[in-house]
Amino acid sequence: MPEIVFKGKEYVYNHHLTVPYRPLVADAARGIGPEDLNSNLVIHGDNLHALKALLPRYAGIVDLVFIDPPYNTGNEGWCYNDNVNSPIMKEWLSTNPVDGEDMLRHDKWLCMMWPRLVLLRELMGEAGSIWITLDDNEVHRARMVLDEIFGADNFVATCIWQKNFSPKNTAQFFSEDHDYVLVYAKDKRVWRPNLLERTAEMDARYSNPDNHPRGPWTSGDLSARNYYSEGTYPVTAPSGRVFDGPPPGRYWGISKEKFLQLDVDNCIWWGEDGNNMPRLKRFQQDVKQGRTPQTLWFYDEVGHTQDAKKTLIEMGLLKDQESTITPKPVALIERILELASTPDSIVLDSFAGSGTTAHAVLKANARDNGQRKFILVEGEDYADRLTAERVRRAIRGYAWVGTQRETLLEEKINFTQFKKADQWLAKVEAIKAAEGFGADDAAQMVLGEAAAPPPASAPARKKRFDKINVELKDGVLRVEGEKRVSQMADGLGGEFTYCTLGEPLSIEKLLSGQDLPSFEALGAWLLHTATGGTLQAPPPDAPAFYLSEAQDAHVWLVYRPDLAFLKSADAALTLPRAQAMAEWGHARQEGQEGQGAPKRHLVFAPAKYLSNAQLRAQGIEFAALPFALFRQG
């Protein structure tokens with residue numbers, strides 16, 4: 001298979017292996033609900049380190065990844081700052097940020113994306129999928145990188161999203177009205193998209209004018225261009241009209257015997273008068289209970305960039321449409337959730353930006369009572385004031401501020417009517433006067449003539465609008481009332497935990513007995529390192545120091561972040577403690593039907609007071625915590 005070659009690839013190829021593990025540190029003040037690292041998460045920190053931090057809990061179980069990485073247009077000013085230990089990388093870091101003048105910006109973008117995509121793949125379940133929004137700057141390079149990391153056979157589709165609803169007349173060559181959504185599966189052999197809901201327009205095509213017992217139907221052509229040896233027989237309509245065969249150059253798609261049986265079963269439509277060329281009745285109950293997704297996504301179905309900014313403005317998170325921030329519309333992520341999630345899916349977005357993914361997940365859960373879980377990662381300093389704040393407002397509700405418009409006049413203006421400009425201006429001014437507004441030069445400028453004074457009889461009333469907009473565009477005169485409104489938008493409900501990244505956890509070098517990690521943080525790292533498993537919530541009856549169940553073992557950690565405890569005999573693995581562990585494991589195994597032989601026990605502890613033979617007798621493997629863990633610093 002061809003591979004993409006870029007400057008720095010040899011340094012980042014396995015860089016994900018050298019990224020240190022940094023535990024997630026919950027910040028109760030910034031979240032909603034109890035601190036729970038198994039809940040919805042908003043993580044503030046470098047997304048490469050955050051992905052590594054997520055491995056002990058989420059490796060192999062994420063159902064859907066959506067990312068909106070930098071498009072690398074040359075105008076974004078993003079920084080490449082991965083700590084790769086090589087002279088070439090250190091030289092690059094001195095030229096940040098990456099902009100249009102950087103001749104190596106494409107190489108840097110690939111260096112940035114490679115280790116993140118590798119870790120994202122590790123986090124995905126076997127039936128998971130990844131969706132990436134990009135434009136023409138990097139989409140072709142992204143395809144090659146994804147082919148290498150995920151396998152070319154796991155490419156699913158490139159969807160085209162119409163992000164703009166009107167052309168940009170300032171474009172030098174073409175108005176770029178679309179972005180791409182790349183779709184890859186972890187394993188395309190087991191992944192399938194969901195069907196979309198059928199539209200009312202699709203269902204409206206079916207009716208039941210003859211009260212057929214099989215319900216609504218529509219008619220379809222019985223003939224085809226493809227040659228069929230039994231497809232040229234004559235048929236007779238109920239009216240007696242004889243058709244020698246299908247239209248010239250075509251063939252019936254079924255045999256005569258099959259046709260006659262369908263006719264007996266009232267599954268052939270001859271037209272209302274029984275005199276038309278026969279067509280096959282296709283019954284609504286036989287079609288898919290959804291619609292197959294297409295690769296063209298139009299803005300009226302999945303939103304556009306102005307929609308996205310409008311949402312942030314309404315939520316009070318953005319001041320105006322001219323902001324340089326480029327969020328995605330909620331409807332776009334809702335479409336992806338509809339195609340690639342179930343009500344209990346785990347959804348990860350490691351380039352979270354304004355938090356659209358969380359907003360879409362909350363809306364999807366509110367709609368179908370789902371339990372989807374989101375994990376957002378944002379490294380910029382707005383992670384709390386924008387990303388997390390949007391989630392907080394979506395959950396609790398927010399004061400909605402927007403613009404309400406009402407059309408007061410809409411008329412097509414042809415050349416003859418244009419000659420009567422004074423009359424149209426008088427009509428406009430009458431409308432304005434009726435709404436409590438005086439003469440306005442803007443209206444005069446529209447048609448280029450002085451406005452006639454409003455009739456003396458024009459009724460005046462209290463203003464319903466903040467202003468009146470008058471526009472003549474594409475031959476249509478439109479008068480519109482505009483008013484700013486404010487009301488409370490209902491919250492979607494839910495909770496989330498806000499996290500930052502703790503100091504890197506390095507048993508060998510960094511843990512000196514001071515600033516000891518929590519039981520959960522150390523346990524998650526040890527469990528994943530030793531078994532490749534993810535930290536699961538312990539059962540309610542689990543004894544002290546029980547960590548989690550892995551695929552082939554019960555894992556225990558005799559540990560407290562307390563130096564005195566770790567240096568005491570209470571932290572050692574003793575025979576009574578080992579026997580209690582084994583007995584609990586046997587009891588749990590007996591309570592689970594069809595589970596096979598009892599699992600082994602993997603025990604991490606500072607010391608043990610029994611021999612290896614005694615450990616084997618209890619089905620226990622002992623792993624000593626390094627002395628550095630509880631050595632006085």
Side-chain angles (χ1 to χ4, degrees), residues 162-170 175 177 298-327 329-331 354 356 359 390 393-394 397-413 417-418 420-490:
Q162 186 186 13
K163 63 180 179 181
N164 294 323
F165 58 87
S166 61
K168 294 181 178 179
N169 295 324
T170 56
S175 175
D177 296 336
F298 296 103
Y299 74 83
D300 56 348
E301 289 189 350
V302 298
H304 48 76
T305 53
Q306 296 302 307
D307 275 341
K309 289 187 176 181
K310 181 181 177 183
T311 299
L312 293 182
I313 292 171
E314 291 176 352
M315 296 181 76
L317 297 167
L318 192 67
K319 291 184 177 180
D320 57 65
Q321 289 276 14
E322 300 305 315
S323 170
T324 56
I325 191 171
T326 55
V330 175
S354 67
T356 306
H359 199 163
R390 178 178 188 172
R393 296 186 187 189
Y398 55 92
W400 180 82
V401 178
T403 302
Q404 187 179 64
R405 293 181 174 87
E406 180 181 332
T407 299
L408 304 174
L409 174 69
E410 188 173 69
E411 293 284 350
K412 288 186 177 180
I413 303 293
Q417 292 167 325
F418 185 75
K420 305 174 182 178
D422 56 337
Q423 297 178 24
W424 285 109
L425 284 168
K427 184 177 290 190
V428 169
E429 291 304 320
I431 292 172
K432 294 171 69 177
E435 295 296 341
F437 289 83
D440 183 26
D441 292 339
Q444 299 173 23
M445 292 172 63
V446 172
L447 298 179
E449 291 192 19
S457 59
R461 65 181 180 182
K462 185 178 180 180
K463 289 183 179 180
R464 297 188 300 145
F465 306 103
D466 296 325
K467 63 178 180 178
I468 301 293
N469 297 318
V470 183
E471 180 183 52
L472 179 60
K473 184 177 181 181
D474 298 329
V476 176
L477 174 64
R478 183 176 291 106
V479 181
E480 205 173 54
E482 181 179 304
K483 181 181 180 180
R484 296 285 286 175
V485 295
S486 177
Q487 62 190 53
M488 194 67 186
D490 293 333

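Model, not experiment: these values are computed from the prediction.
The shortest heavy-atom contact between G303 and P329 is C-CG, 3.8 Å. Contact record, E301 with A331: O-CB, 4.3 Å, taken as the closest heavy-atom pair. The two residues T305 and N164 have their closest heavy-atom pair at OG1-OD1, 3.5 Å.
Cation-pi geometry between K467 and F437 is not satisfied (NZ or CZ under 6.0 Å from the ring centre, within 45° of the ring normal).
A salt bridge is defined here as a Lys NZ or Arg NE, NH1 or NH2 lying under 4.0 Å from an Asp or Glu carboxylate O, and E435 with K463 fails to meet this definition.
Although no hydrogens or angles enter the test, the distance criterion places no donor-acceptor pair under 3.5 Å between the side chain of S175 and the main chain of P167. With hydrogens and angles disregarded, a donor-acceptor distance shorter than 3.5 Å links the side chain of D466 to the backbone of R484.
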Verdict with reasoning, I468 to I431, per side chain to side chain contact (heavy atoms under 4.5 Å, CB included):
CA-CA 9 Å; I468 301 293; I431 292 172; 5.5 Å; no
Could you walk me through whether Q162 and D177 pass the side chain to side chain donor-acceptor pair (under 3.5 Å) check?
CA-CA 6 Å; Q162 186 186 13; D177 296 336; 5.9 Å; no
Go through E480 and L408 one step at a time and tell me if the side chain to side chain contact (heavy atoms under 4.5 Å, CB included) criterion holds.
CA-CA 5 Å; E480 205 173 54; L408 304 174; over 6 Å; no
Could you walk me through whether L477 and V470 satisfy the side chain to side chain contact (heavy atoms under 4.5 Å, CB included) test, starting with their C-alpha distance in whole Å, then the side-chain angles of each, then the deciding distance to 0.1 Å, before giving a yes or no?
CA-CA 7 Å; L477 174 64; V470 183; 4.1 Å; yes
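The salt bridge (charged side-chain N to carboxylate O under 4.0 Å, His left out) search around K483 returns none, not counting sequence neighbours.
Ring geometry for Y299 against H304 counts as perpendicular: the plane angle is over 60°, on a 0 to 90° scale with 30° as the lower cut.
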